[in-house]
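Note sheet for the following structure.
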Amino acid sequence: MLDPRLLKTDPDHLVAALAKRGVSVDLSQFLALDEQRKRLQQETEQLQNERNTRAKTIGKAKAAGEDVAPLLAEVSGLGDKLDAAKTALADVQQAFNDAWIQLPNLPQECVPAGKDEKDNVELRRWGTPTAMNFKPRDHVELGEHEATTGLAMDFAAATKLTGSRFVVMRGRMARLHRALIQFMLDQHTQQHGYEEVYVPYIVNSDSLMGTGQLPKFAEDLFHLEGEQDYYLIPTAEVPVTNLVRDEIIAAEKMPLKLVCHTPCFRSEAGSYGRDTRGMIRQHQFEKVELVQMVRPQDSDAALEELTGHAERILQLLELPYRTMQLCGGDMGASAARTLDLEVWLPSQDCYREISSCSTFEDYQARRMQARWRNPETGKPELLHTLNGSGLAIGRTLVAIMENYQQEDGTVHIPAVLVPYMGGVTTL
RNA sequence: GGAGGGGUGGCAGAGCGGUUGAAUGCACCGGUCUUGAAAACCGGCGUAGGCUAAUAACCUACCCAGGGUUCGAAUCCCUGCCCCUCCGCCA
């Protein structure tokens, strides 16, 4: 949620920044609602003041043993007037909030305007696309190839068990998948200073409101049947970031750096026909997520740091990648700036997203009322939140298979993972 | 699933229909004292919104959440959520 004060303090910037996303806002509706709100609030508060004053008078009179009947007669009708004013005020506030919460975050100064991924800007590359003197197979072919353990990656079985966009893995493939999780968690906790957390994979709607998946993006989520309003998490970002919802964090505990492995569940509504083959886009996938809560003045540096931590994983796995600065139109609604990491996929002869690292500044924090106590002012102030994949496990597995494949259909194991594979060097 | 007890300021814990935004203690901040520290003593110490030049004063709201009763609710009633104890069931 944006700071409503922007409406008065910097409306031009508000409009210009949102335009970079291709979003045009009409501020007049907000200004009109705010005017109404102000008027109704003053009216309501005045009535409340009158009621309070008179109630006190009656209390005193009664204590003094006086006859309060005439005083009671005077206040008749006040209650109804107050109720009406309160209702009108609540309606206007609701209308304002409903509309205001729909506004996406303001992109930072450095974010280029643009419509979609074609307008993203490449910041840097690491490694060179893997050279192959044969036609590379894609990970589906490799996963089903006899040279590996045979049907190590079984999409048909998953379709039988559930439906499309799921996978069954066996043997070394399943172990490699698990090894990636362990490796990433170890790297982030031991080398990058993150604390590992374990969280629920089912959350309530308040949490999804806090990080911005609701109210706008309900169709992307799996909603559970039952009396409780529960959802499967689409990313660890939701439970982990919401740890600070309604909290005031002591300054000396900042920054909070948390790493969390969870499965992620996404309905992928609206992605029909896209990436239908293989493990690129699944309803269920594993991810190791990096989350930071930092002082506002530190969030820009923290985004660079966090992105670097994700990049480090790719470097250790020796996977060629590039770092992209997303344009306004391609960023998620809550983000102020997003850097995507794209890994080289030989079968597709292009780079594909494997990590997305964002700073939300105070956009999520305002929704969550997540604050820290600023020692300079002694006051609770909104903190800044960031997160990024470090990395998406399924896509990393795909990248390893495709980049480490041999002509005979076998796949080498990246050196750094061999200890996690019990010494096995080939899939 | 059954039976009971609770949810009050950073924490602990009073209040149980009227001048209570809320006693008291702890923690925290400032001061006096002290060579320094501690102790003792004095003072301060919530959040949000409105008004405003103001981080002053004043007004409003907030004692889990949402409804209700009342001139007046932290206090009474209803619903929900959460926590605790006991019984049952269970990985």
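None of the values given here were measured: they were computed from a predicted structure. Sequence lines set the chain letters: A, B, ... in the order given, protein chains first and strands last, and positions in each chain run from 1.
- Residues meeting the ring pair (Phe, Tyr, Trp, His ring centres under 6.0 Å) test with A/F217, sequence neighbours left out: none.
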Sequence neighbours excluded and cut-off under 3.5 Å, please list the side-chain donor-acceptor pairs for residues 246-261 of chain A, or say none.
unit_1, atom_1, unit_2, atom_2, d
A/K257, NZ, A/H192, O, 2.9
A/H261, NE2, A/E286, OE1, 2.6

All N/O donor-acceptor pairs, side-chain side in residues 390-397 of chain A, below 3.5 Å, sequence neighbours left out:
unit_1, atom_1, unit_2, atom_2, d
A/R395, NE, A/I280, O, 2.8
A/R395, NH1, A/E353, O, 2.9
A/R395, NH2, A/I280, O, 3.0
A/T396, OG1, A/A392, O, 2.5

Take nucleotides 63-82 of chain B nucleotide by nucleotide from the 5' end and write B, S or -, depending on whether a protein heavy atom sits under 4.0 Å from the base, only from the sugar-phosphate, or from neither. --------BS----------

Taking distance alone, no hydrogens or angles, what donor-acceptor pairs closer than 3.5 Å link side-chain atoms of residues 412-426 of chain A to residues at least two apart or in another chain?
unit_1, atom_1, unit_2, atom_2, d
A/Y420, OH, A/D186, OD2, 2.7

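- Applying the side chain to side chain donor-acceptor pair (under 3.5 Å) criterion to A/D116, with sequence neighbours excluded, gives A/K118.
- For A/L214, the side chain to side chain contact (heavy atoms under 4.5 Å, CB included) partners two or more places apart in sequence, or in a different chain, are A/S205, A/L208, A/M209, A/A218, A/L221, A/Y231.
- For the contact set between residues 242-250 of chain A and RNA chain B, defined by any heavy atom under 4.0 Å, there are no members.
- Remark: A/R295 pairs with A/D298 by the side chain to side chain donor-acceptor pair (under 3.5 Å) rule, at least two apart or across chains.
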Contacts under 3.5 angstrom, residues 6-13 of chain A side chains, donor-acceptor by atom type, not counting sequence neighbours:
unit_1, atom_1, unit_2, atom_2, d
A/K8, NZ, A/D34, OD2, 3.2
A/T9, OG1, A/R5, O, 3.0

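- Applying the side chain to side chain donor-acceptor pair (under 3.5 Å) test to A/Y363 and every residue at least two apart in sequence or in another chain returns nothing.
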What pairs of nitrogen or oxygen atoms, one from the protein and one from nucleotides 46-54 of chain B, lie under 3.5 Å apart?
unit_1, atom_1, unit_2, atom_2, d
B/G49, O2', A/Q41, OE1, 3.4
B/G49, O2', A/Q41, NE2, 2.6
B/G49, N2, A/E45, OE1, 3.2
B/G49, N2, A/E45, OE2, 3.4
B/C51, OP1, A/K38, NZ, 3.2

